[in-house]
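Everything below concerns the one structure shown next.
The figures that follow rest on heavy atoms only: side chains count, while hydrogens, waters and symmetry mates do not. Predicted model only: the values in this text are computed from it and were never measured. The chains referred to below are lettered A, B, ... by the order of the sequence lines, with proteins before strands, and numbering in each begins at 1.
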Amino acid sequence: MRILLRLRPGLRLRRVLRLRPGLRLRPGLRLRRIRPAVPPTSFALNDLLSEALAGTLQRPGRSALTALGTVLGVGAFVAVLGLTATASSQIDSRFSLLTATEVTVKDIAREQNEFADPAFPDDAGERVERLGGVEHAGVHWPVREDTGQGLAVRTSAVARGQNDMIDVVATAPGALRAAVPHLVQGRLYDDFHADTRQRVVVLSSSIAARLGIATLEARPAVFIGDQPFTIIGIIDDVKRKPDMLLSVLVPHTTAEELWGSPTDAAEMLISTRVGAAVQIAEEVPIALRPDHPEYLKAVPPPDPKSLRSSVTSDLNELFLLLAAICLVIGAVGIANTTLVAVLERTGEIGLRRALGARSRHVALQFLTESGALGALGGLVGTSIGTVTVVVVAVARNWTPVIHTGTLATAPVVGLVTGLLAGLYPAVRAARIQPVEALRR
Amino acid sequence: MTPSAPVIAFRGVGLTYPGPPPVEALKPSELTIERGDFVTVVGPSGSGKSTFLNIAGLLDAPTAGTYLLDGIDTGVLKDSERTALRGRHIGFVFQSFHLMPHRSAQENVTLAMLYTGVPRAERARRAAEALRRVGLGHRMDALPSRMSGGERQRVAIARALVGHPSLLLCDEPTGNLDSRNADTLLRLLEGLHEDGMTVVVITHDADVADRGARTVTIRDGVLHDGPSRAVREQERA
Ligand SMILES: Nc1ncnc2c1ncn2[C@@H]1O[C@H](COP(=O)(O)OP(=O)(O)OP(=O)(O)O)[C@@H](O)[C@H]1O
Ligand SMILES: [Mg+2]
């Protein structure tokens, strides 16, 4: 059986029991006092925020100094990530599509074997162009007299002056196409000209001007050494191998017939489809010289990812470490100042408890204050870091790049730093007993 | 809360500080303070006045007996509930004012309603009203550091009464004031009492004690009803 005794306030159990003389309490019967309903006090969010702000602004100078560590930490964090992103994007823009689709192959046969013949076979261009992913390919080499001297290029058979030495480069039609020339007059020579060993040249507008040739209408000729050649095309630009603009280009077969087979300076220029270059660089030496692939060295374009990371990763880690150290110092600074503030404001804490603040309200207030300091430091740090990135980028003529993720995270990093730093002081504040606090 | 219940009902309430050595600062006592009373509690230094105030103000829990505030048994309450009861039912006035130095008089008064769910606009309105009640309607935006002691204590009283508590607990409210300011303050308290407020003033000053409608004397941790002179005579007899 269970008896519920509801006691009027102030009445004692003894008196209640005396009213009913027959009632006997069984030993072990427990009397439970009825708990009155007292709704707890509350601390509205906007009040919490404005109290924390007021607490922070109470001593603006000290708050600013306290936030300094976080400002530096977050600022360094943003600056490092921003500068890294900026530098990477510079490398990206220099690392263009053109370089990514270019492969050069060098003849290194003489390095392997001093008696070796030139490594490129006669039909090197055609064979490589048959490989999947290759757009154009062809060999080229500078033409020399047997004596090793360059060749004179003139507009008449008779020598007129000293200053007529111009580089002549034997260039396969495939190599010419792979260089992506921009034609201003006439046409390029093609495989037909090469196969039939035509005496034709292509040259740049600047060399044409030097030779006194303005137009191809009169079918002007040039003499290379003592051999006459027809100029069939004038170009004013190439996308690859810009030194072609300083040379007179003749079909490689014509050059071979007149001046002999290529020296060891022969190279092959290959243009590929996007993404095929690395694969093709691996295939070419075997495709051309299955017997001696080591006689040819193919140079693929650099891998953009490895390039970027090798440039930036070392510095990056060092500075991020520094930023982290700044943040830790910032956190210690906030923790220290907040703890001092808690001790200084013991009286205020006692007062708030007397006015109905629960210990968790007090803890929350100090936590919010330190969090606000951290977030404030984070915001200022983000601005300073951003300005740093912009200034450095502008000074170097770069485009400043900061990822939105960095900008969004940085103030949060400050906030979290502040909250972590405020944890211990907040717990200390919550533990302060109102009686002790008000005794002061 | 029972409307007919006394504001303060001590039933064998006592407090022993654990020590070491243990100090029985308040011996188990009976005391009833009815609604609308103006009670002064007087006693020499170390007699247990502050101990009494801390218990009555729910700042400290008694180690013996039952304390009913407005008919509510405070002994069974959780800490959060004691805090709520303290915030809503009791207004405190301290000897050292306990004002926030960087906040205006009005902001200091609104603080008393911060945790009891009064909306912001209503807080400002009521604070202004309370400040006018204590004669500081013209100094609402002043910082406490720019105010005289008497003014500061009146701000504290405005803060204590703004939440419409059932009990005003004052610990040596005139302790830091000169006699003229003390008189102003006591007259203010008397005015509040005439308006129906229950006022308890703790003091060691017999002149202040005489202003109460009823005086309770505390000696060596024992509460006696009556002014100190009468208590002394009683003891002699
Ligand atoms: N926290 C404590 N621990 C131990 N003893 C205490 C504590 N607080 C007070 N006491 C003792 O309890 C007794 C009553 O102290 P209380 O503070 O109530 O006196 P009081 O009447 O307010 O004195 P005063 O007029 O000087 O303020 C004193 O002997 C005091 O030393
Ligand atoms: Mg005292």
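- A 4.5 Å side-chain heavy-atom check between Arg123(B) and Asp47(A) finds at least one atom pair inside the cut-off.
- More than 12 heavy atoms of other residues, nucleotides or ligands lie within 6.0 Å of NE2 in His102(B), so this atom counts as buried by the packing criterion.
- Residue-environment remark: CZ (Arg62(A)) exceeds the threshold of 12 foreign heavy atoms within 6.0 Å.
- Of all residues spanning residues 415-422 of chain A, none has a heavy atom less than 4.5 Å away from chain B's heavy atoms.
- The candidate from Arg82(B), Arg159(B), Arg103(B) with the greatest count of non-hydrogen atom pairs under 4.5 Å with chain A is Arg103(B).
- For chain A, the nearby parts of Ala112(B) are the backbone and the side chain; heavy atoms of each come within less than 4.5 Å.
- Of all heavy-atom pairs spanning Ala84(B) and Pro39(A), the tightest one is CB-O, 3.2 Å.
- Residues passing the side-chain hydrogen bond (donor to acceptor under 3.5 Å, both in side chains) test with Glu129(B), sequence neighbours excluded: Arg125(B).
- Using a 4.5 Å cut-off between heavy atoms, Glu348(A) touches chain B through its side chain atoms alone.
- Under the 4.5 Å side-chain criterion, counting only non-hydrogen atoms from C-beta, Phe92(B) is not in contact with Leu438(A).
- Looking at Asp79(B), the atoms closer than 4.5 Å to chain A (heavy atoms on both sides) all sit in the side chain, from C-beta outward.
- Using a 4.5 Å cut-off between heavy atoms, Asn54(B) touches chain A through its side chain atoms alone.
- For residues 352-364 of chain A, the interface with chain B (any heavy-atom pair closer than 4.5 Å) comprises Arg352(A), Arg353(A), Ala354(A), Leu355(A), Gly356(A), Ala357(A), Arg358(A), His361(A), sorted by residue number.
- Residues Val435(A) and Leu59(B) approach most closely at CG2-O, 2.9 Å, considering heavy atoms.
- Counting heavy atoms from C-beta outward, Glu51(A) and Leu111(B) have side chains that approach closer than 4.5 Å.
- Looking only at atom types and distance, the side chain of Arg120(B) has a donor-acceptor partner in the side chain of Ser50(A) under 3.5 Å away.
- Scanning for ring-ring contact (aromatic ring centres under 6.0 Å, His included) contacts around Phe366(A) gives an empty result, with sequence neighbours left out.
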